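To find a chain, count down the sequence lines: A is the first, B the second, and so on, and within it residues start at 1. It should be emphasised that the depicted structure is a prediction, and the values quoted were computed from it without experimental measurement.
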Amino acid sequence: MTDRPFPRDLLAAGTLDAARLVLGVFLIRGSGPERRVARIVEVEAYVGDDDMASHAHLGRTKRNAVMFGPPGVAYVYLVYGMYHCLNIVTEASGRPAALLVRAVEPVEGEAEMRLARVRSAQTRPNRNATADADRTRRQIEGLPASRLASGPGLVCAAFSIDRSDNGIDMCDGNSDLRIEAAPPGDGPLTVATGPRIGIGYAPEPWLSQPWRYFVAGSAAVSGRGRNVTGRREVTE
DNA sequence: GCAAAGATTTGCT
DNA sequence: GCAAATCTTTGCC
């Protein structure tokens with residue numbers, strides 16, 4: 001159960017507007033002592049079937065089907081054969097769009113996130129030697145909290161998200177994986193923007209659209225945006 | 001049925 | 001800074 005389930009209608013409108021609105025929002029997994037909570041600090045918008053960087057550009061397929069459905073639903077897929085990516089579907093049914101959650105900042109359940117990261121890393125077929133697994137575990141245990149989920153694959157690892165979460169309604173307070181409005185005490189955020197990451201296959205103008213949105217100054221932001229601390233809107 | 005590429009991360013050069 | 005790891009999805013034969 002959640003006290004402030006995120007309003008679905010805020011996701012139903014424009015995806016670029018929704019991208020700003022979800023920054024600062026809480027991503028929540030589970031309940032009770034194992035509950036994990038983190039602030040969303042970085043997202044990317046994938047808008048419509050004409051967006052050549054989006055999975056939706058080829059039309060509706062088995063994989064991207066939920067992107068064509070109602071807003072507030074989780075779209076989870078496997079990339080590079082080993083990492084999962086979490087998206088929040090936006091816009092009305094029939095128009096495929098979503099926000100890729102690229103980074104979150106732990107608020108509660110940090111120990112649980114570390115455990116999940118270790119589990120995920122040691123599940124990878126690549127890591128088999130005992131010494132290697134032990135080194136990986138210590139490395140994760142030594143990470144600052146801000147680096148536990150500073151990347152799209154890492155968000156899913158820290159929150160134990162995989163394709164079984166595909167299609168979950170994240171605006172439903174009873175869902176095990178959900179989003180919740182930021183607490184009233186949270187101050188205003190400074191939003192920075194830049195081009196989307198890892199879409200080199202896309203032609204212009206999609207390649208350079210500044211559809212990556214992140215919280216300036218957050219240590220949890222992935223890649224180069226991490227160092228952006230300006231107080232004003234920034235375009236990288 | 002087969003080949004190619006990918007909304008990433010990590011470790012080594 | 002570059003390449004490997006890994007497997008699902010998609011496209012074409």
Side-chain angles (χ1 to χ4, degrees), chain A residues 15-16 18-19 22 40-68 74-90 96-104 113-114 116-129 131-143 146-159 161-167 193-214 220-226 236:
Chain A
T15 301
L16 301 187
V22 302
I40 297 173
V41 296
E42 180 184 356
V43 298
E44 279 176 1
Y46 290 85
V47 191
D49 57 8
D50 54 337
D51 180 354
M52 290 302 283
S54 172
H55 289 166
H57 84 277
L58 293 174
R60 187 181 186 132
T61 66
K62 185 173 181 182
R63 176 175 66 166
N64 68 21
V66 303
M67 284 185 80
F68 291 74
Y75 168 43
V76 182
Y77 65 90
L78 185 67
V79 267
Y80 298 107
M82 50 190 117
Y83 299 105
H84 294 275
C85 286
L86 168 69
N87 295 254
I88 303 168
V89 173
T90 56
L99 295 169
L100 169 67
V101 180
R102 286 192 58 89
V104 300
M113 296 179 202
R114 284 183 201 279
R117 279 288 308 274
V118 171
R119 268 198 308 273
S120 168
Q122 297 188 344
T123 289
R124 290 219 298 278
N126 188 22
R127 310 244 171 275
N128 37 16
D132 216 28
D134 200 54
R135 184 169 71 106
T136 300
R137 180 180 55 76
R138 275 200 298 269
Q139 187 170 321
I140 291 171
E141 286 172 351
L143 284 175
S146 61
R147 290 299 162 79
L148 287 176
S150 57
L154 303 180
V155 169
C156 288
F159 275 74
I161 294 166
D162 60 27
R163 280 173 300 171
S164 69
D165 294 301
N166 191 47
T193 66
R196 294 172 290 182
I197 308 293
I199 56 159
Y201 53 84
E204 295 289 3
W206 314 112
L207 180 62
S208 300
Q209 292 285 15
W211 289 352
R212 175 183 181 223
Y213 296 79
F214 56 98
V221 168
S222 71
R224 280 190 56 81
R226 189 178 294 152
E236 282 190 311

Chemist: Taking all atoms of both residues into account, what is the closest heavy-atom pair of A:Arg102 and A:Arg212, and its distance?
Modeler: NE-NE, 4.3 Å
Chemist: Grab the two heavy atoms, one from A:Val89 and one from A:Met67, that are nearest each other, plus how far apart they are.
Modeler: CG1-O, 3.9 Å
Chemist: Would you say the base of B:dT8 stacks on A:Tyr80 (centre-to-centre below 5.5 Å, plane angle below 30°)?
Modeler: yes
Chemist: Atom CG of A:Leu148 and atom C1' of B:dT9: how far apart are they, to the nearest Å?
Modeler: 15 Å
Chemist: Any side-chain N or O of A:His55 less than 4.0 Å from the OP1 or OP2 oxygen of C:dT9?
Modeler: no
Chemist: Can you tell me how far P of C:dG11 sits from OH of A:Tyr201, to the nearest Å?
Modeler: 14 Å
Chemist: With a 4.0 Å cut-off on heavy atoms, is A:Arg63 in touch with a base, just the backbone sugar-phosphate, or nothing at all?
Modeler: sugar-phosphate
Chemist: Roughly, in whole Å, what's the span from CG in A:Leu207 to P in B:dG6?
Modeler: 13 Å
Chemist: Counting only side-chain heavy atoms from C-beta out, which of B:dA7, C:dT9, B:dT9 sits nearest to A:Leu154?
Modeler: B:dT9
Chemist: Give A:Leu100 one of three labels, base, sugar-phosphate or nothing, depending on what nucleic acid heavy atoms sit under 4.0 Å from its own.
Modeler: base
Chemist: Using the side chain to side chain contact (heavy atoms under 4.5 Å, CB included) rule, take A:Trp206 and A:Asp50 through it: C-alpha gap first, then chi angles, then the decisive distance, then the call.
Modeler: CA-CA 9 Å; A:Trp206 314 112; A:Asp50 54 337; 4.0 Å; yes
Chemist: So, is A:Arg212 close to the B:dA7 phosphate, meaning a side-chain N or O under 4.0 Å from OP1 or OP2?
Modeler: no
Chemist: How is the base pairing of DNA chain B summarised as a dot-bracket string, given the Watson-Crick and G-U wobble criteria with both distances under 3.5 Å, [ ] for crossing and | for another strand?
Modeler: ||||||.|||||.
Chemist: Which listed nucleotide (B:dA7, C:dT10, C:dT8) is nearest to the side chain of A:Leu58?
Modeler: C:dT10
Chemist: Quick one: A:Asp49 CG to B:dA7 P, roughly how many Å, whole number?
Modeler: 17 Å
Chemist: Could you go through A:Trp211 and A:Leu16, starting from their C-alpha distance and side-chain angles, then the distance that decides it, and tell me whether this counts as side chain to side chain contact (heavy atoms under 4.5 Å, CB included)?
Modeler: CA-CA 7 Å; A:Trp211 289 352; A:Leu16 301 187; 3.5 Å; yes
Chemist: Just wondering, do A:Tyr75 and A:His55 contact through their side chains at under 4.5 Å, heavy atoms?
Modeler: yes
Chemist: A:Glu42 has an atom CD; how far is it from atom P of B:dA7, in whole Å?
Modeler: 16 Å
Chemist: Between A:Asn166 (CG) and C:dT9 (C1'), how many Å, whole number?
Modeler: 14 Å
Chemist: Expressed as a whole number of angstroms, how long is the span from A:Met82:CE to C:dA4:P?
Modeler: 12 Å
Chemist: Of the nucleotides C:dT9, C:dT10, B:dA7, which one has an atom closest to the side chain of A:Arg163?
Modeler: C:dT9
Chemist: If the cut-off is 4.0 Å, is A:Gln139 near the phosphate of B:dT10, judged by side-chain N/O to OP1 or OP2?
Modeler: no
Chemist: Please state how far atom OH in A:Tyr75 lies from atom P in C:dT9, giving the value in whole angstrom units.
Modeler: 9 Å
Chemist: Decide yes or no on side chain to side chain contact (heavy atoms under 4.5 Å, CB included) for A:Asp49 and A:His57, but give the supporting numbers first.
Modeler: CA-CA 4 Å; A:Asp49 57 8; A:His57 84 277; 5.7 Å; no
Chemist: Begin with the C-alpha distance, continue with both residues' side-chain angles, and end with the deciding distance and a verdict on side chain to side chain contact (heavy atoms under 4.5 Å, CB included) for A:Leu100 and A:Tyr46.
Modeler: CA-CA 8 Å; A:Leu100 169 67; A:Tyr46 290 85; 4.0 Å; yes
